[in-house]
Every structure is written in C-alpha cells, then in structure tokens.
There are 2 protein chains.
Amino acid sequence: MGKTKAPVKTVLTKAKTARKVYPGEDDPRLQALVREIIERVADKWTMLVLEALDEHGVVRFTRLGELVGEISQKMLTKTVRQMEKDGLVKRTVHPVIPPRVEYELTELGRSLGEAFCGVWVWALKNGEEIERARVEFERGAGRGIGMS
Amino acid sequence: MGKTKAPVKTVLTKAKTARKVYPGEDDPRLQALVREIIERVADKWTMLVLEALDEHGVVRFTRLGELVGEISQKMLTKTVRQMEKDGLVKRTVHPVIPPRVEYELTELGRSLGEAFCGVWVWALKNGEEIERARVEFERGAGRGIGMS
DNA sequence: CTGAATCCCCTATGATACTG
DNA sequence: CAGTATCATAGGGGATTCAG
C-alpha cells in the first residue's frame with residue numbers, strides 16, 4: 001500500500017476537450033478518500049442491498065434477502081453488517097420470539113442511494129444498448145479487430 | 001454459473017410497501033436487466049477506471065494504470081477489456097513501435113460516468129462522515145448493544 | 001426468524017516471467 | 001510499451017448445520 005505516487009498531469013496530450021473537473025480533484029487526501037469509499041461501496045451486494053432498502057424502506061432480514069434476489073444468507077449478513085458499520089444502515093432488533101430484526105437506511109445511506117439513483121436510471125435506459133454493444137463486439141472479436 | 005435451485009418461498013409476491021418508485025420497477029425483465037448491469041458495472045476496478053477515463057479523456061495503458069492507482073497490470077487489462085466489450089470504452093491501437101494503445105470512453109461510457117458523478121460527489125461530501133460512523137461503531141461494537 | 005459457525009470450492013487478483 | 005501466460009494464494013461465496 002502507501003505507494004500511490006502521482007506525478008499527475010503535465011503530460012496530457014493536447015486536444016483534451018471535455019476534461020471533466022471534479023471538486024477537490026487536486027487534493028490528494030480527498031482523492032484517497034474517494035478511492036477508499038469507492039472500494040468500500042462499489043461491490044455488487046452492497047449496491048443491490050442499497051437499492052432494495054432504498055426502494056422498500058424498512059424490511060426484515062429474510063424479506064431483504066428475497067428483495068435482493070439471489071443472495072446467500074451469509075453474504076447478506078456480511079454485507080448488511082458492513083453497511084451498518086459504515087453508517088449506511090440502521091439495524092433494529094426487537095426482543096421478541098421469534099426474533100424480528102429490521103433494517104433501514106440511515107440518512108447517510110439514503111443520500112448514497114440518491115446518488116446512485118442516477119446509475120439505476122442509467123441502467124434502465126442503457127441496459128439494452130450494452131447488450132447490443134456486447135453482441136456486436138462478440139461478432140467482431142476473435143479476429144484482429146482492425147480499429148485505429 | 002449459479003443456477004441456484006428454486007427458492008419456493010411461496011410468500012413473496014405481495015403488495016410492495018414501496019416508497020421510492022423507479023421507472024419500470026414493475027417490469028421483471030427490466031429488473032433483471034438492471035440487476036445484470038449492476039453486477040457487471042458495480043466492481044471496484046471498473047468504477048475506478050471509469051472515473052480515471054472520465055476525468056482524463058484519452059490515455060495510454062500504462063498511464064491509465066498510474067491514474068487508477070494501485071492496480072495490477074492484469075486487472076487493468078481485464079477490466080478495460082470487459083469495458084470495451086460492454087461498449088463503455090474504445091480502444092485504439094496505433095501500429096507503431098513501441099506500441100501505443102489509447103483508451104477513451106465511448107458515448108455510452110461517458111453517460112455512465114455522468115451517472116456515477118453523483119457518487120463521486122457523494123463520496124467527497126460524505127467520506128468523512130463514513131469514517132466517523134465507522135469509528136463510532138467500533139467503539140460501541142463488541143458487546144450486545146442493546147437497541148430497540 | 002435471525003443469525004453464527006463450518007466445510008469447501010472456485011475465482012478474483014497479485015507476482016513474475018516472457019513476447020512482439 | 002502493451003500485453004499474454006503461468007503459478008500461487010486469499011478470500012468470496014454457496015450449502016449446510018447449529019443455536020437463541
């Protein structure tokens with residue numbers, strides 16, 4: 001770890017029109033932070049659980065698993081615990097029998113869900129295009145693929 | 001791949017206590033599509049490469065690796081290839097010596113980058129809060145944590 | 001019902017070496 | 001420079017069992 005050298009730009013090839021600028025992109029500390037967050041949140045299960053909770057509000061363990069879909073109890077537990085740890089999810093245990101444990105997004109979690117909303121929408125809008133791109137690629141692949 | 005049997009949980013198709021409504025959320029086909037997209041795109045390396053390309057435009061292989069940070073050549077290749085396959089990235093090979101291969105986002109890739117933009121911003125804004133939440137959780141964890 | 005604990009497979013990922 | 005190929009390993013992740 002810790003390497004993270006960053007001689008950064010200076011050598012950007014010309015004609016880089018749409019150079020997108022992010023707030024704080026020049027702050028290495030923030031860069032590292034974003035990186036860490038991405039690594040923590042950019043995981044299949046986390047995103048799916050996030051979506052499920054964002055959509056359905058307060059749900060119980062088993063139900064949550066059903067909503068997410070094909071997820072093992074183990075992964076669900078692990079994911080949800082990690083999210084709780086990160087302050088994205090609130091876990092409420094009702095001391096009754098049978099046990100009733102409810103999960104819901106925290107304020108932070110909801111805000112993240114909102115941020116990801118753009119991605120869901122994107123997926124809905126462009127899913128088919130990706131599908132098409134993939135098929136097309138498959139057709140052209142295998143050979144040299146003369147681009148350039 | 002995982003065709004995990006049939007979860008004959010008879011009790012599932014019920015009125016959803018949905019709060020947030022996504023376009024097409026009632027269409028199982030679209031649901032599956034979103035799910036697939038998420039699974040494909042919600043991966044650490046993909047997101048990091050996406051960000052790097054979104055920020056810097058056209059970059060060469062090695063440079064891209066530097067921009068992403070701690071990524072092995074193998075993973076970079078794999079990720080970038082997958083993204084190309086999905087139509088997110090365009091790969092241009094210049095037949096010169098030494099070889100020069102440039103990567104850049106396609107229109108589709110840029111649109112995804114835009115969708116994810118909300119997440120970068122979120123990470124920048126809430127990174128520290130997550131940090132705090134985690135620390136706090138650590139302190140309170142370990143024991144029973146009587147909630148409810 | 002909600003999990004924790006176990007067993008175990010398989011793949012994701014890193015390190016290294018080789019090629020064009 | 002831009003990969004590919006190989007080897008090796010940790011851990012992701014499923015199935016099953018146990019417990020409160």
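Each chain gets a letter, A, B and so on, in the order the sequences are listed, and its residues count up from 1. Computation of the quantities below employed the complete heavy-atom set of this structure, encompassing side-chain atoms and omitting hydrogens, waters and symmetry-equivalent molecules.
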TODO: Report the residue (B:Y103 or A:P99) whose heavy-atom-nearest nucleotide on DNA chain D is the more 5′ of the two.
DONE: B:Y103

Open item on the list: Output one letter per nucleotide in nucleotides 8-14 of chain C: B when a protein non-hydrogen atom lies under 4.0 Å from the base, S when only the sugar-phosphate is that close, - when neither is.
Closed with: ----SBB

Open item on the list: Nearest to the A:R81 side chain among D:dA2, C:dA4, D:dT4, which nucleotide is it?
Closed with: C:dA4

Task: Basic-acidic side-chain contact under 4.0 Å: A:E114, A:R110 - done: no

- [ ] Quick one: do B:V101 and B:H94 satisfy side-chain contact (heavy atoms from CB on, under 4.5 Å)? Show the steps, please.
- [x] CA-CA 6 Å; B:V101 180; B:H94 298 273; over 6 Å; no

Task: Phosphate-side-chain proximity, A:R91 and C:dG3, N/O vs OP1/OP2 below 4.0 Å - done: yes

Open item on the list: Once side chain to side chain contact (heavy atoms under 4.5 Å, CB included) is applied, do any residues pair with A:Q73, and if so which ones, sequence neighbours excluded?
Closed with: A:F61, A:T77

Open item on the list: Test your reading of the model: is there a side-chain donor-acceptor pair from B:T106 to the backbone of B:L88, 3.5 Å cut-off?
Closed with: yes

Open item on the list: Between A:E102 and A:R60, does any side-chain N to carboxylate O distance fall below 4.0 Å?
Closed with: no

Task: Distance-only donor-acceptor test, A:Q73 side-chain atoms vs C:dA4 base atoms, 3.5 Å - done: yes

Task: Nearest to side-chain heavy atoms of B:T62, which nucleotide of C:dG3, D:dC1, C:dC1 - done: D:dC1

Open item on the list: From CZ of B:R60 over to P of D:dG3, roughly how many Å is that when rounded to an integer?
Closed with: 10 Å

Task: For atom CG of A:L48 and atom P of D:dG13, their distance in whole Å - done: 11 Å

Task: For atom CG of B:L76 and atom P of D:dA2, their distance in whole Å - done: 10 Å

TODO: Step by step, work out the side-chain contact (heavy atoms from CB on, under 4.5 Å) result for A:I38 and B:W120.
DONE: CA-CA 8 Å; A:I38 298 295; B:W120 311 145; 3.1 Å; yes

